[in-house]
K.L.:
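A single structure is presented below for examination.
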Amino acid sequence: MKIPYSWLVELLPDLPQTIDNNPYNLEPILAMLGTGVEEIVAFPAPPKGVIFGVVLECIAIPETHLYKLQVDVGLELPKQVVTGASNAKAGVGVAVAPPGTTIQGKLLEERAVHGEISWGMACSPKELEIGDFGGGLLELPVSNAKAGTPLSSLWAADDVLDVEVTPNRADALSVLGVARDLAAKLKLELKLPSLGLESVHDDHFPVQVELDPNKGCDRFVARAIKGVKNQPSPAWLQRRLSLCGMRPISALVDASNYVMLELGQPSAAYDARDLPENKIVVRDALESEKVLGLDGLEYTCSPKDLLVTTLVNGESRVVGIGSMLGAKYSSIQSDTTDVILEVAHWNPVRMRLTGRRLDIATDALYRYERGVDPNLPVWAANRYMEIVLEACGGKVLEGHRDVGGEKPRNVIELRPDFVNEYLGTHFDVAEMKGALERLGFFVQDQSVNISESVTSKTILADSMILPIRGEKPNPDLLNELASLQARLQSELSQIWRVHAPTYRVNMDIPEDLTEEIARVLGYDAIPETLPNMKVNDLTRSTSQAYNRTRELKNALVGLGFQEIVSYSFTNPEEMRIMKLPEPVLELRNAQSSERTHLRPCLIGSLLNAAKTNLHAKNVLLFEVGRVFPLVDLEEERLGALLMGDLAAKSWQAGIAGGFYSFKGLLESMAAKLGDELKVVPIEKHVAQKPECLHPGIAGALEYNQQFVGIIGAVHPSVTAALELPSNIVIAEIRLPLPPRAWSFADPSRQPAAIRDLAIIAPKSIAYSRLEEITKNAAGSYLESVQPFDVFESERIGVGKRSTAITMTWRAQDRTLNDDEVGAAFQNVITAMKNAGLEIRDS
Amino acid sequence: MVNEAKLEMETASSLQGLQEIKVKYLGKKGLLTNELKTLGNLTPEDRKIRGAALNLVKTELEVLFDNKEAALKNAALEAKLASESLDVTLPGTAFQTGGFHLLTRIIDDLSTIYKGLGYQVVQGQEVETELYNFDALNIPSWHPARDLWDTFWLTDGRLLRTHTSPMQARFMQTYEPPFRIVVPGKTYRFEAVDATHEAMFHQLEGLAVGKNITMSDLKGTLEEMAKGLFGETSKVRFQPSYYPFTEPSADFAVYWENKRTGQAKWLELGGSGMVHPRVFEEVCKLRNDEVYAGQRGFAFGLGIERVAMIKYGVPDIRYFFQNDLRVLKQFRGALE
């Protein structure tokens, strides 16, 4: 909401002396009221030298788009000014910049245009830098000033505060509302705007209004004026509209906007010619009823929308969609002489829904959907008539029609102590009452009958004191006690009935009033304390998932992984190129064709990050984030990627990347967390091999014996399609990881028995299978089994592989003897042979 | 012979040569040993005199040998060490250097502060329903306040959470009061992306519910956070604001003395307020009981990216999700 400083001062005459007449000093004050200032813009007066002139004659220059104007500029003879403005006409006041004035940085000279001398130029608001409109001349009423008057005396410089108004403060969408807040806060006198041409409801008022108050319009005020001359608004009015960012149109329209800015009440003015039967009917729209709006657009309404209509020859004609948008049909014209004014109160929900359905966004709707004071229409109508009468003449009809009538105030019961209990403050009760009253609340004290309760309290006090003292009580002391008790009692039982002003919507509960009191008395008065509470024990362990993820990240970072955070968005094409699952969750309102879906996995994000970092020789990344693989599944996952070497080659060899380095890092990660991670053949857990992985380098991850994810080299066709190097290994793991119970084991001090064995097996037999056979056969004293040599050669046969393993046996409490170990070793050999495998002689 | 032996030992150039000399004189068949063997042929008188002399020589030679051996060994070791020396100024093996994302560090800083204040850190879900994201938070569909949250909608009618606040209702639906939680996580807004606006960002939500909680408790809690995050000179300022799920509502600003620049200023950091009674009513409906009737609480929320941008001078919010290691790796070590 844009608010000119001078307008605020008009309603708060004492404001300048309170703030050193510096609008910037309002910034902290308005912020502490909850209506923060976004910016303060200084609007200059029109350029020096520009004067008010009256166009006496306007003649088109043939074969051009130009006009010759004869302008009375207060000199003996009129001056000729040439203009290209399409709105040039005789009989209006204009802004003339004579030769010698500087407009938009250019010094004007008397010069000939198409052979016609032009004495300077006539200016648009934009050229004068006093408004946004550059499509035509600034038009003023002829009577606004004497020709030759400096325009700056009609149009002073000003500072405009752009105030941010939250949705609960519809009342602050007006100069009056902001001024009222400031008055309450600064304890200033609020000078209300003019009450206008006051009138009373008249049952015989010529305009009939028909409505169902339960349908969304519960109040409708109509007034009328006849015989006006619609013309440009006077400079003071145009200036204020311009400062507030609205474009002046004509006095009949501008006055309505002005009242909206001043009081916060929108209104609609109709050309009475279009309402020949003087009848207004508020009704639901028909199915697919078309309305041509003031803005030239056609709107297709439905019975959910409320229309303002009239009757023409017995037929219904629409004059407005609610009060949010007038119809083109009945709109004010330049030759309108008789006006019917509508000022109504509408249901915010119904207005909002219609606005959204029809895609309407007007200043009026903005206010209606937030809630306008239902008791404002009469004032607004009277104010409109006053302004129009001044600007356009005419005759205002006595009285008005008011369907719906005044609405009552909302009453809230408030225990003043509640405010301090709730805020943790120590506000004085009288201060609180004053704050509410200055905001327009009416506070009615409903305290219980004090005298009765004091009497009983005094008696109670008496009986308590006597036994202690063991003597006759001191009457002074008793009196003091009684008064103390009385005060305590009155404060404890004090209850207010607070009548909220109707301009404050959303005032329903004590908490709402608490905020109002705090706003005026200052949020700064709220002290800093900490909650004194003992929490529900069941909530104490809810951090576990977060803590485990944090440990996981710690482990990965310690191993050299860099964490990344990626967008959750993707698109089907991207997933297709990466041979990843199709995304299943689609955005209805995507921002771009690249971000249409939610990612089904993390691998795509990691590959994108790898691509971003092609400048780095080797990249080791991880991400922990949500993925959306199924319609009803949102899962946190860990993704990790290694591209290139683990340690870059330099003058030294470096450390190679690849599958086993990467797998080793993940094993270390698990070991750091006290857990166990194993890679098993992918077929064990995944029916269909992930297409994005190299078919020969893909495994399933088991974490503490549970399947949690996949690991492998990225498929060469994927790296090729993404123009990435081929040596990328990747893993994706479901979180949270299954935990493992901790237990203590005393390290054995007994010697170990070690035996080596080389097995020749087809390459299709995974090492994990050999390990499994060994573990099953080697007995309970087997401590570990490790491969130490793996090779293939023609010597041992095509398609075969030799794997040498070293087995360690150890007992906790004694030295194992050779027979025991020998037998276990033989069992392993037998088991291998039984599995059809060959033992290599050493 | 004695002088000859001494000379040979002193001039020996290798351990092997020295050993040979030792054998030559002191070995089983060595010259001195042989001399000692001839003692038996002498008279007892002469044997005594010559024996003493020979033993003296033997001892002398043995000491000489030991010294020479030590000297030669030492020389050999020095020669070996000299041959093994490395140019220690050449660079070492380039291991990977891991690091946390800056946003994780800030979330972690905040979580640590709040854990110290007795809060639990919980996480909600990113795909939410209108019920939890709006309705349960007293933001009905027709309310203009909905415009405050530009929403990404899914084709199935669900949405991407516009704030971490849905977890308020979800947590209360599951757990009974009193409790204290913070909820860090990703949030989404349908917004035009520029240097300070992103379609995706992170928030940290806080919620404390108990019978006697006051707004001053909220302010004190935020002050603890400010001091933990921005140093002991930090403080908190409240300004009235509006959120449908809090009443009264307050935006909070934090006073920060920037140690790098020496400047101090107020930073608008987030929104907060006392939990609106209507939120408790909605929760009662969700739970189908009255456990939350008459409860009080406070809630707050702040943007993680904003903290990161302010504190570490990151000029553009888009840097956070571009995953350029040259940016990410700048935030290492002890962050101030």
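Heavy atoms only: backbone and side chains are in, while hydrogens, waters and symmetry mates are out. A note on names: the letters A, B, ... follow the listed sequences, proteins ahead of strands, and every chain is numbered from 1.
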K.L.:
Quick check on B/Glu198 against chain A: is it the side chain, the backbone, both or neither that has a heavy atom closer than 4.5 Å?
P.N.:
side chain
K.L.:
With a 4.5 angstrom heavy-atom cut-off, which part of B/Val182 approaches chain A: side chain, backbone, both or neither?
P.N.:
neither
K.L.:
Taking the basic N atoms (NZ, or NE/NH1/NH2) and the acidic carboxylate oxygens, is any pair closer than 4.0 Å for B/Arg161 and B/Glu128?
P.N.:
no
K.L.:
If you count heavy-atom pairs within less than 4.5 Å of chain A, which of B/Ile213, B/Leu90, B/Thr97 leads?
P.N.:
B/Leu90
K.L.:
Contact part of A/Lys534 toward chain B, heavy-atom cut-off under 4.5 Å: side chain, backbone, both or neither?
P.N.:
backbone
K.L.:
Under a 4.5 Å heavy-atom cut-off, does chain A meet the side chain of B/Asp251, its backbone, both or neither?
P.N.:
neither
K.L.:
Check each atom of B/Ser249 against the heavy atoms of chain A and say whether the ones under 4.5 Å are side chain, backbone, both or neither.
P.N.:
both
K.L.:
Which bit of A/Asp537 comes within less than 4.5 Å of chain B, counting heavy atoms only: side chain, backbone, both or neither?
P.N.:
neither
K.L.:
Tell me, for A/Arg540 versus chain B, whether the close heavy atoms (under 4.5 Å) come from the side chain, the backbone, both or neither.
P.N.:
both
K.L.:
Which bit of B/Leu159 comes within less than 4.5 Å of chain A, counting heavy atoms only: side chain, backbone, both or neither?
P.N.:
neither
K.L.:
Quick check on A/Asn613 against chain B: is it the side chain, the backbone, both or neither that has a heavy atom closer than 4.5 Å?
P.N.:
side chain
K.L.:
For B/Lys211, is it the side chain, the backbone, both, or neither that has a heavy atom closer than 4.5 Å to a heavy atom of chain A?
P.N.:
neither
K.L.:
Would you mind checking which part of B/Pro140 comes under 4.5 Å of any heavy atom in chain A, side chain (CB onward), backbone (N, CA, C, O), both or neither?
P.N.:
neither
K.L.:
Please determine whether a side-chain nitrogen of the Lys or Arg among A/Glu551 and A/Arg548 lies less than 4.0 Å from a carboxylate oxygen of the Asp or Glu.
P.N.:
no
K.L.:
Strictly below 4.0 Å, N to O, side chains only: are B/Lys186 and B/Glu126 in salt-bridge contact?
P.N.:
no
K.L.:
Can you tell me which portion of B/Arg180 sits under 4.5 Å from chain A's heavy atoms? Options are side chain, backbone, both or neither.
P.N.:
both
K.L.:
Show, in sequence, the C-alpha distance, side-chain angles and deciding distance for B/Arg237 and A/Asp524, and conclude whether the salt bridge (charged side-chain N to carboxylate O under 4.0 Å, His left out) test is met.
P.N.:
CA-CA 7 Å; B/Arg237 186 179 71 187; A/Asp524 283 344; over 6 Å; no
K.L.:
So for B/Lys235, is it side chain, backbone, both, or neither that comes closer than 4.5 Å to the heavy atoms of chain A?
P.N.:
neither
K.L.:
Should the pair A/Asp508-B/Arg278 be classified as a salt bridge under the 4.0 Å nitrogen-to-oxygen rule?
P.N.:
yes
K.L.:
Can the ring centres of B/Phe171 and B/Tyr175 be said to be less than 6.0 Å apart?
P.N.:
yes
K.L.:
Quick check on B/Tyr243 against chain A: is it the side chain, the backbone, both or neither that has a heavy atom closer than 4.5 Å?
P.N.:
neither
K.L.:
Which bit of B/Asn212 comes within less than 4.5 Å of chain A, counting heavy atoms only: side chain, backbone, both or neither?
P.N.:
neither
K.L.:
Select one option (side chain, backbone, both, neither) describing which atoms of B/Glu223 are under 4.5 Å from chain A's heavy atoms.
P.N.:
side chain
K.L.:
Please flag which part of B/Phe320 lies under 4.5 Å from any non-hydrogen atom of chain A: side chain, backbone, both or neither.
P.N.:
backbone
K.L.:
Can we say A/Asp181 and A/Arg169 salt-bridge, meaning some charged N sits less than 4.0 Å from an Asp/Glu carboxylate O?
P.N.:
yes
K.L.:
Evaluate whether atom NZ of A/Lys672 has more than 12 neighbouring non-hydrogen atoms of other residues, nucleotides or ligands under 6.0 angstrom away.
P.N.:
yes
K.L.:
Which residue out of B/Leu218, B/Asp156, B/Leu160, B/Thr174 racks up the most heavy-atom pairs below 4.5 Å with chain A?
P.N.:
B/Leu160
K.L.:
For A/Tyr546, does its backbone N or O pair with a side-chain atom of A/Ser543 as donor and acceptor, under 3.5 Å?
P.N.:
no
